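Keep in mind it's a predicted model, so treat the numbers as computed, not measured.
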Amino acid sequence: MRIMDRRWIYFIFALFSSVPLSSALPSLKISSALSPMGFSSQLGSVLSRRKRVAGIVSQYTFDIEISFPNASLLDDLKQYVKSLSYPIALDTSIATKVLAINVTTVCSRSGSNSQCSCENGYTWSGNVCRNYTSCMASSSRCTCINETPPTGTYCQRNTAKKIKMSLRIMEEFSDVLKDLSSPMSKNYTSRIESAFDDSYGSLPGYLYAVVTGFRPGSIVVEYTINADAVNSSVLQAANAKVEANLSKSYPLATPAIQNVIEGQSNLSVLPVNIFVGDKVSLLCTVNSATTNVMWYFNGTQKITSTAQFQITNITTSSTSESNLVINGMATNNAGNYKCIFENSSDVYSVDTNITVASITMTGPDSVQVTCNNTDYNLVTCSTDGNINSLSLTCSSEPNKGVFNRSKLCSPATCWNYMVQANQYQCTDGMTVTYTCTCFTSHEAKVSKAIRVTYLKPVSQLTLIPAEGFLNISEGQSIWLVCQSSKAVSDIIWNFSGTINTTVQNTFISYYALNFTSVLFIPSAVTSWQGTFHCSSKSLAAQSTQKSVTVVRLIPSSQIDISPVETFYERGTATNFSCCGSDMSNYTATLQLSVGATKRTTAMKLNGTCFSQTYNCADCGNYTGFCTIKNSLNDTVISRPMKVTLRKQELIKCQDPPGIGALGDIITVPCSADNINLTGNKSYSCTLTGWELKLPNNCVLQSLNRLAIDVVNLTGPAGTELLPSYVANLSTTVTTEKENITSQPSNIITVVNILQQVEKSTTTVPQAVMQNFLETVNVVVDDASKKAWQEMNDSTERSTQLLESVEKFARKLQIDNGDNISITNNSNVQLAGIVSNPFRNYAETFSFTQGNNLSGSVLIPQTSVSQMRANTSIITVAYATLKDILQNTSTEFVNGLVMTTVLSTSVPTNFKILMNFKKSNQTLDDLKCVFWNLKTNNWDNTGCRGLNDDSNASCECDHLTSFSILMSYKPVINLILDYITYIGLAISIISLLICITIEGLIWKSVTKNKTSYMRHVCLMNIAVSLLLADIWFIIGAAITTLLKSEATNVANTNACVAAIFFTHFFYLSLFFWMLTMGLILFYRLVYVLHDMSKSRMMTIAFTMGYGCPLLIAIITIAVTQSSKTYMNGNACWLNYSDSKAFVAFVLPALTIVLVNFIILAVVIVKLLRPSVGDKPKKEDKSTLIHIGKSIAILTPLLGLTWGFGIATIIAPEEIWVLGIFSALNSLQGLFILLFGCLLDKKVRDSLLSRFSLSRWSSQQTKTSHVTSSDNQIPKGIFNIFAKKGAYNISSAQRSSSSETPSNSYSLLT
């Protein structure tokens, strides 16, 4: 390194050329041969003269060109310039400083070739860049040229901005374009960049525009403009020049050029750490509404939806979202992913780089494990990614109860799976295959199988754990292992305590592979306190004894808390209590959660309750808990007690049961009002005070005690306690039948008890079964039907009941000979036999309950003979369960429910025949079904049926609970669909025409009050029918969706809305028809009475829309809360459960009846004999007028709906349904014809409106015609043109004042 000093600085100043010294310093002339020191003196004098100008500081920039005979000097100069500290004073005698020295341009020559390159931060000007060719090895255009420019031309500081754009050429994309070095790419690039230079050259500070790549989408050219920042109008003008220039050579899209906007779209990747096999989600969002979204891999490879790549796009009014899901991520899927949103003018681009880590499983294929409590490493899972994103698990086949776990390596770069066994857990030579899987939570996984051989088992009968006592709290488990030295099958467990007995087999599991018997009691009761030991007769051995102490710990569900949910006023105390049947030998504390703080205070025992009064002045809303502790320090926490602060001015309800504001709900123990009840009930604060909310969960204390005591059946004396317990249960339930059948919570408690009783035993004596069925008989009684309906989870509870009876019946012991019969119950009967391979199984059941239902069961001898010896066949028949188990909206359980079970497995090629008496003889579509205990629904798999007049026969190939589902045979005929939809289309079009006509001629046909009201009714009839038809079609479409997606909440809510509006508008149609009928009646009967137009309009709209709206709202409010508004999956009112359909049928038929009466009155009025008319002529005229009246009034006043009565009388007759469908679906056409087109006044007004004929206007002139006039209009649709006393077809005078003496036009 050469030593450099300040003389280099002077030398630099002496050699500048691009900014001549004469221009920079006018009085100074320097030649290129000046020495550095000579220049110093001259420069100093000049600068000294500049300094004498007071208050002026001048700053100069000099371009200095230096030539080096040796290129290495350039590096020395650069290094020296970088090492300087600025500013630098040139001379101590003058105030001249060098602020900065920057190397901008470096030129070099090799032979005849020369290159000039720019240093970092500098670039050639646009003119230089375009006039000279770029260096081949240059990384960026305009930073290196292949010639030396004229003296004084140097690189400039780069202030240009990069503007990204895209150009779309409507030509087919070729993969060759992905390589920018390919001839095709170069050809496109050369021509396009030339056009860019011509068009963008006028941009301020323009340097160049360069093509950065091609991508599919026709051919999308991505390019970058390097120029100073410009406004959008200037850039758009330049873009237009580009399009004009390139359109001569290429077909361009419209628009061809789009702005590429970066930084305004987001791209998130899940998971963050990605492994081979993962399912990866890339979510791209932008705050712009665009539907054109593209994904690219590594810049040019367009991604489309395939089995591996799935793209989902969502666009709203303001945002766009695209989700790319990559299934089974592979290493070759690592790279750059770009998401592009396009609209007409902009392209929003965002990309991200994804790396994919591998997962490696290493370890031996087999390993030997010595049973000495030593850890053995089975497998290691490692990765080059984040180890914390992986999990390692292993499962064994057969399953081994040894100690195993996953453990992080040290350092934490992998997972190890360890296995450890003791001498009691394995057998010498025992082999187990472990399947180990290293996986992520996003589907990536690698598996490996390891064969493990266990060595050196124990050689004695040992009880594990052997040492010490086992002290547990009630509800905790007892787990003991008896290890044998060799394979034996006669290990038994003995218990000594309240009784000495052998432990039931339901608590014992034997593992022959490792000679182990395991005693597991999942929830111990206090009666299990005693000693346990195992023994084997074949070994003549007995283990040591294990002493077990079981201390009572009250379950949380048995703690009665007070308050449950209450309110308090600041400054008042709240009394907390937690009660149980026996609270001795416990301690309790009250824990309060006040905000983020916890407060604890001891509670005092008073009788069977722990209590504490607490006054919290600064609590606000808080929650309390009782923590109950037994002698083992095991604790149980009560349910929360919620206390809410209420300001005094808000309190509207007072004690009892507490204070509260309007709308507050307070929950109190049921025992507060009735000591015979437990559970809770709620009150709501209303304007009238506290109001009880139903249903509540109050339970009879007698039932609750039985529910508490049922756990004793799982104790060692459970078999001995079972008969007395079930007898007590039957007595209690029978005695309290009225209370139990009226309260859902009592029924639920009984069902839970029956479920626990069934699980507690393996054999059932006949006397126990008798009491069990007596209990069931009460909970399925007819009186309980309402309680079952009010139950929130009635289907689940009824399934539990049916399953409990079914399983209990399988355990029944038939002692009296070979058969059993329990038929003294009103709702449930049982019959059964011990199978005889030479006989059929046949039983018959008959009930006085439920429409005198009966049924029979037959299992042929061919099926009985295949059963195991001494197999019990039991059938239980239910008369009333049909009303409890779930029915559909169209299918009903129409007979007995009969459950048939075997004490052994069902043989192959099995057949059972059943006969059912129908409960409802009018139902005719049969389906033989069984109650599927897994799906909680009726299922017809494996069953066939035969239907006759009063009975139904079924044949099934399996056993469970059977019945028959029946419905009215559906009328399926495409003709009715075609009639309905074609008629509705015609009706909608007709109504639109009618409304249009009414709007055009409104003024000309409403010149008097009666005519005005008639057309108001007609217009509203048309509008109501139009909207009703539209909502009918919408409902039909939603019904189709519900058939395929019955659980879709959105579809269900839309269906409810469609039902409401269809119901409302059809009712509006009827009520407007009624309004028109009443106006006709009023004008015909009360001729001399007059009513103002405003009053008539008020009555009409109140009746036309108010009444239907009220009916529709009441209907949905009453039925929707119980989910009985819809008719199954059909978007129409329910007619089987809630009878909501009556809310339509009753008003409709009533209106039809009223309109029939009005029609009869009109006809009677028309039939009045006129003075002077001849009989024959009079009869003829009367018949004509009757026909005209019926022909016009029937469609207008909705009398065609009366034809629906025929569909009730003959529901299966296609022709009846066809006529009904045609008449009603074409009502819109009828209204158009009879209400508009066939009304002479309407026709004349319409013709006058369009000036098609002038003579028609003369027909509308009014005249007063007396009863003696003979010039009666002859129009066929003028129904009131009868000669004589009633000449009321003439329009009254076009005047705003109407009097009773005027003649009235009823329908014009």
Verdict with supporting geometry, Asn1134 and Phe1141, side chain to side chain contact (heavy atoms under 4.5 Å, CB included): CA-CA 6 Å; Asn1134 185 289; Phe1141 185 65; over 6 Å; no
Glu736 vs Leu703, side chain to side chain contact (heavy atoms under 4.5 Å, CB included): CA-CA, chis, key distance, verdict: CA-CA 9 Å; Glu736 299 287 351; Leu703 273 183; over 6 Å; no
Audit row: Thr749, Asn704, side chain to side chain contact (heavy atoms under 4.5 Å, CB included) steps and yes/no: CA-CA 8 Å; Thr749 302; Asn704 188 58; 6.0 Å; no
Step-by-step side chain to side chain contact (heavy atoms under 4.5 Å, CB included) determination, Leu677 to Val699: CA-CA 5 Å; Leu677 298 177; Val699 177; over 6 Å; no
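Formation of a donor-acceptor pair under 3.5 Å by the Lys785 side chain with backbone atoms of Val780 is not found in this model.
For the cysteines Cys943 and Cys954, the sulfur (SG) atoms lie at a distance of at least 2.5 angstrom from each other. Remark: Cys928 SG to Cys956 SG, distance not under 2.5 Å.
Between Lys911 and Asp957 there is no salt bridge, since no side-chain nitrogen of the basic residue lies less than 4.0 Å from a carboxylate oxygen of the acidic one.
Environment of CG in Asn870: sparse, with no more than 12 heavy atoms of neighbouring residues, nucleotides or ligands closer than 6.0 Å.
Residues passing the ring pair (Phe, Tyr, Trp, His ring centres under 6.0 Å) test with Phe772, sequence neighbours excluded: Phe808. Remark: Lys807 engages Glu803 in a salt bridge (Lys or Arg N to Asp or Glu O under 4.0 Å) (not counting sequence neighbours). By the side chain to side chain contact (heavy atoms under 4.5 Å, CB included) test, Thr735 pairs with Thr731, sequence neighbours left out. Applying the ring pair (Phe, Tyr, Trp, His ring centres under 6.0 Å) criterion to Phe930, with sequence neighbours excluded, gives His958. Qualifying side chain to side chain contact (heavy atoms under 4.5 Å, CB included) partners for Thr935, counting only residues two or more places apart in sequence or in other chains: Asn932, Asn937. Asp793 pairs by the side chain to side chain contact (heavy atoms under 4.5 Å, CB included) definition with Ile748, Met791, Glu796, Arg797, not counting sequence neighbours. Arg705 is linked by a salt bridge (Lys or Arg N to Asp or Glu O under 4.0 Å) to nothing, counting only residues two or more places apart in sequence or in another chain. In this structure Glu474 satisfies the salt bridge (Lys or Arg N to Asp or Glu O under 4.0 Å) test together with Arg552, sequence neighbours excluded. By the side chain to side chain contact (heavy atoms under 4.5 Å, CB included) test, Val711 pairs with Val525, sequence neighbours left out.
When only modelled atom types and interatomic distance are considered, Trp931 and Thr799 share a side-chain donor-acceptor pair under 3.5 Å. Side-chain contact, Lys917 with Asn852: no donor N or O sits under 3.5 Å from an acceptor N or O. No hydrogens or angles considered: a donor-acceptor pair under 3.5 Å links the side chains of Asn494 and Ser535. Residues Asp782 and Thr880 bring no donor and acceptor atom of their side chains to less than 3.5 Å of each other. Using modelled atom types and a 3.5 Å distance limit, the side chains of Ser784 and Thr741 yield no donor-acceptor pair.
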Tabulate below the donor-acceptor pairs under 3.5 Å that side-chain atoms of residues 719-727 make, not counting sequence neighbours, or state none.
from   : atom 1 : to     : atom 2 : distance (Å)
Ser724 : OG     : Leu721 : O      : 3.0
Tyr725 : OH     : Leu706 : O      : 2.5

Show me the donor-acceptor pairs, under 3.5 Å and distance only, between side chains in residues 832-845 and residues at least two apart or in other chains.
from   : atom 1 : to     : atom 2 : distance (Å)
Ser835 : OG     : Thr871 : N      : 3.4
Ser835 : OG     : Thr871 : O      : 3.2
Asn836 : OD1    : Phe838 : N      : 3.0
Asn840 : OD1    : Gln861 : N      : 2.6
Tyr841 : OH     : Ala831 : O      : 3.4
Tyr841 : OH     : Thr875 : OG1    : 2.7

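Under the side chain to side chain donor-acceptor pair (under 3.5 Å) test applied with Ser517, the options Tyr510, Tyr511, Trp493 reduce to a single match, Trp493.
Here the straight-line distance linking atom OG of Ser903 with atom CD of Gln813 works out to 10.5 Å at 0.5 Å rounding.
Judged as a ring pair (Phe, Tyr, Trp, His ring centres under 6.0 Å), not a single pair has a partner in residues 858-879 (not counting sequence neighbours).
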